[in-house]
Structures are given as structure tokens and as C-alpha cells.
Amino acid sequence: MNTVKSFPNNLRFSTFTYPSDGETVAGVMVAPTGNGPFPVIIYNRGGRNGFGAITPPTITGFLADLASAGYLVIASQYRGGPGSTGKDEWGGADVNDVLNLLPIIDALPNADAKRIGMVGVSRGGMMTYLALLKIDRIKAAVTVGGVFDLQRNAAQRPGMSEVFKECFGGSPASMVERSAIHLPAPATIAPLLLLHGSEDVRVDPRDATELVAKLPNAHAVVVEGGNHGLTNRWDVRMKEILAWLEKYV
């Protein structure tokens, strides 16, 4: 890992690349200074390719806010993203880019690999849910404006149909495979908090309220007046995320 800078003095920012299914994928880490070990948050970004990528404002904003609460935060740009090879499949094989962060976490001396939480925003909410179905090491997870019904999303946002076609073909079956709403409910799943804004025009709040009804250990909070990702209700977003993770991680 290559340490780029520290900001503020109690945090350290690093970038790295790692192997994932034969691809080279870029990642980012923000951690408190000191030896730790610190509990871990895997952050799953939204967007695709370069859109929604983890940028300096993301690092000095959201990731630094999480790290300032005492967490080691690690995130993937996904295959096809900046600094990464391969094709973004929007919830296909690129879910492995999230899972393949685990060996890195296990090797970090300042990470408490037994205490891992996960946070996903928008498309990252879908990535979070799909990852939870594959592994049982995540103590708790939070999604913000998560996409859990791709067919509804495509119907409400016509431009997304083209995104889905480009990324994974866009067939009804492939959308269902990525949609938590349409997948069988697992018997057990990590405690999951679904945050959503009532005024989200990119992802219908019903994605959260319908999903929570079929899951054990899940809770939905629809924030009145909140936009997509709750960027206009940052205080509520951070308060809810940190309270959930503190309770379960």
C-alpha cells in the first residue's frame, strides 16, 4: 500500500491495487493513526465505471467521517472503475471485488478482522446485499438509497435500461438476479439498516420498505425530505449509520 497523505492528523489515507478474478482492482483505505486494531467498515460505492467513483471529496468527506469514529474504512473502485481493469457488471462478478477485500483485511495488523461492518450507497446497497448472501463474516450492514428492484428502477428511470444493457445485457432474468426484492429471503442475514430519503428521485423508497418486510434482523428508516443518498440530510445519515454499527459491530 502507498500512503498518500494524512488528513487530518489523526487519519491516514492509502491507495492500493489487488487481484480479483484475474483483474487488477483499485482500492482505497482510510484509517485512524495508531496501532489499533480498529473495527472495519467495507464501503461499497455507487455508480459505475468512473461515475460515482471514490474521489478525493469522498475520501475527505464520508470515508474520513467514518474513520474519525474509530473505524478502518476500506473500499473498492470495482473492476472497470478508475485504476482497475475489467468490465463493470453492476452486481455480477464484480461482487467478488468486494469479497476479495477480506484477505487484505485479514493481513492488516491494525484491522480487527473479527469486527467487520459494511456500508453501501445507491448501487453499493445492491452490492452490499449480494455480498451478505455470499459470506457470513459481516457483523452488520447499512444501505443508503439502495437499489433492490432493478426492474422498477429501469421503468422509472429509462436511462438505466441502457446502463443495464451495457453492463450485463439487461434481460429480465439478469435484473432479477441482482434484485433483493425478487430473491428468496435468507433464513439468516446480518443486521441490516435500510436508510432512504422520501424524496429520492433516483431510487424508489419502496425498495427499502418492501425489502425490510421480508428480512429478519432488518430495519428501514425513510427520512422525510431526504434526497438520493441523503446528501441533504448528512447529519441524520451519519447518526443512523454510526449508531447501527456501534450496536452490532
From CA spacing to verdict: side chain to side chain contact (heavy atoms under 4.5 Å, CB included), V40, L108: CA-CA 11 Å; V40 178; L108 290 170; over 6 Å; no
Verdict with reasoning, V25 to N100, per side chain to side chain contact (heavy atoms under 4.5 Å, CB included): CA-CA 10 Å; V25 180; N100 286 326; over 6 Å; no
Under 3.5 Å donor-acceptor, D94 side chain and Y78 backbone: no
Check: S14 side chain, M29 main-chain N or O, donor-acceptor pair, under 3.5 Å: no
Heavy atoms of other groups near K214 NZ, more than 12 under 6.0 Å: yes
Gap separating the CD1 atom of I181 from the CZ atom of R152, nearest 0.5 angstrom: 6.0 Å
Y43 side chain near L63 side chain, heavy-atom distance below 4.5 Å: yes
D207 (side chain) donor-acceptor with D149 (main chain) under 3.5 angstrom: yes
Backbone N/O of T209 and side chain of H196: donor-acceptor pair under 3.5 Å: no
Check: K87 side chain, C167 main-chain N or O, donor-acceptor pair, under 3.5 Å: yes
Rounded distance [0.5 Å steps], CG in D65 versus CD1 in I59: 13.0 Å
Side-chain touch M118/V98, heavy atoms, less than 4.5 angstrom: yes
Residue among S84, S20, S76 satisfying side chain to side chain donor-acceptor pair (under 3.5 Å) with D97: S20
Charged N-O contact under 4.0 Å between R79 and D21: yes
Closest approach of N110 to A31 (non-hydrogen atoms, all atoms of both residues): ND2-CB, 4.2 Å
Point-to-point distance, once rounded to the nearest 0.5 Å, from CD1 of I74 to CD1 of I42: 7.0 Å
Worked verdict on H228 versus S122 for side chain to side chain contact (heavy atoms under 4.5 Å, CB included): CA-CA 8 Å; H228 182 59; S122 191; 2.9 Å; yes
Minimal non-hydrogen separation, S161 against A154, with atom names: OG-CB, 3.5 Å
4.5 Å side-chain heavy-atom contact, S68 and L11: yes
Hphob cluster co-occupancy, M126 + V176, side-chain heavy atoms under 4.5 angstrom: no
F164 six-ring centre to R178 NZ/CZ under 6.0 Å and within 45° of normal: no
Salt-bridge present (D106, R137; N to O < 4.0 Å): yes
Cluster link I189 to V95, ILVMFWY, side chain under 4.5 Å: yes
Chi angles and distances behind the side chain to side chain contact (heavy atoms under 4.5 Å, CB included) call for V249, I138: CA-CA 8 Å; V249 176; I138 307 305; over 6 Å; no
F62 side chain reached by I241 side chain, heavy atoms, under 4.5 Å: yes
Atom CG of D235 with >12 non-hydrogen neighbours under 6.0 angstrom: yes
For the student: nearest non-hydrogen atoms of S198 and P205, plus distance: O-CG, 3.9 Å
Parallel, tilted or perpendicular, as decided by the 30° and 60° cut-offs, for the rings of W244 and H219: parallel
Side-chain (D112) to main-chain (P37) donor-acceptor, under 3.5 angstrom: no
Minimum heavy-atom distance V28-F16, with the two atoms named: N-CE2, 3.4 Å
F148 versus A208, closest heavy-atom pair with distance: CD1-N, 4.4 Å
V121 with F51, same ILVMFWY side-chain cluster at under 4.5 Å: no
Backbone N/O of I54 and side chain of Q77: donor-acceptor pair under 3.5 Å: yes
Approximate separation, where rounding is to 0.5 Å, of E246 CD and Y71 OH: 6.5 Å
Gap between atom CG of D200 and atom CG of L230 - 0.5 Å precision: 8.0 Å
Salt-bridge contact D88-R123 (side-chain N to carboxylate O under 4.0 Å): yes
4.5 Å side-chain heavy-atom contact, L150 and F168: yes
Y129 side chain near P186 side chain, heavy-atom distance below 4.5 Å: yes
Gap separating the CE atom of M127 from the CG atom of L99, nearest 0.5 angstrom: 8.5 Å
Closest contact, heavy atoms only, Q156 versus R206: NE2-NH2, 3.5 Å
Expected output: side-chain R237 to main-chain G229 donor-acceptor under 3.5 Å: yes
Co-membership, hydrophobic cluster, residues V221 and Y248, 4.5 Å side-chain: yes
Same cluster (ILVMFWY, side-chain, under 4.5 Å), L132 and V212: yes
Close side-chain approach of L183 to L130, heavy-atom, < 4.5 Å: yes
